[in-house]
Each structure stands twice: as structure tokens, then as C-alpha cells.
Amino acid sequence: MSEGATAISCLESYFGAVPDPRAPNATHRLGDLIVMMIAASLCGASNATEFALFAQERKQALSRLIDYDAAPSHDTLLAAAAPARPGGLPSRLSCLCRSFRPSQPRDARGGVA
């Protein structure tokens with residue numbers, strides 16, 4: 001399995017249950033948008049406009065992981081990240097980010113030491 005396929009498989013297992021808040025005729029797959037947003041975030045992007053610009057300018061690099069004809073607009077990325085549903089993308093991304101934080105030492109009662 002290629003490096004890209006392994007990465008996508010891990011992300012799909014983590015984000016696979018995320019409900020897609022967009023219209024049924026959406027052009028981009030939700031999983032592809034998630035990959036774009038995560039990659040852009042890791043490179044310093046912090047909003048939908050920056051995510052869209054990243055997807056446009058880094059298409060060649062992203063093509064190792066996903067395939068898309070045209071970069072999504074910032075509106076598309078905003079719609080994909082809509083927090084309207086429980087268990088949606090914003091809450092899953094928050095959980096993912098928390099999992100990367102170093103754990104803090106705990107005292108005997110379970111509190112932060």
C-alpha cells in the first residue's frame with residue numbers, strides 16, 4: 001500500500017462517520033476536503049479562504065493523496081465544515097487535535113499534577 005493510500009485509510013477510519021452537511025450534488029468528496037483542510041492547517045492555514053488557496057497552489061503535492069480537477073472554493077470548504085450536526089467535522093477535528101497534545105502528568109486522584 002502506498003504512503004498516500006495508508007494516510008487516506010487512516011483518515012477515512014477516523015472521519016468516516018462524519019455526516020456531510022452539504023447538498024447531495026456536491027462536487028468534491030467530503031473526505032478529499034478533509035484531507036485538504038488538515039494539510040492546509042498543518043501548513044499554517046487558519047480559515048476557509050486560506051484552505052482554498054492552499055488547495056489551489058498545492059495541487060501537485062496534494063495529488064499524492066487525493067485527486068481533484070479544480071480546487072474547492074472557500075464557500076465549499078465552509079459548507080463542509082458546518083457545525084450544524086452533532087459528530088460533524090468541527091467536533092471530529094477538535095478530537096483529533098486533542099489527541100496530539102502531550103498528556104499532562106496526573107496525581108493519585110486523577111487531577112493534573
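For the numbers below, each heavy atom of this structure counts, side chains included, while hydrogens, waters and symmetry mates do not.
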Are Phe54 and Leu62 close enough that some pair of their side-chain heavy atoms sits under 4.5 Å apart? yes
Within the distance-only criterion (no hydrogens, no angle test), does the side chain of Tyr68 pair as donor or acceptor with the backbone N or O of Ala55 below 3.5 angstrom? yes
With Met36, which of Ile34, Ile38, Leu33 fulfils side-chain contact (heavy atoms from CB on, under 4.5 Å)? Leu33
Taking all atoms of both residues into account, what is the closest heavy-atom pair of Ala80 and Leu30, and its distance? CB-CD1, 3.8 Å
Are the side chains of His74 and Asn47 in touch, meaning some heavy atoms are under 4.5 Å apart? no
Would you say Glu50 and Leu53 make side-chain contact, with heavy atoms under 4.5 Å? no
Can you tell me how far the CZ atom of Arg22 sits from the OG1 atom of Thr76, to the nearest 0.5 Å? 7.0 Å
Rounding to 0.5 Å, atoms CG (Leu42) and CE (Met37) come to a distance of 12.5 Å
Going from OG on Ser63 to CZ on Arg58, what distance comes out if it is rounded to the nearest 0.5 angstrom? 12.5 Å
Within a strict 4.5 Å, meaning less than it, do heavy atoms of the Phe51 and Ser46 side chains meet? no
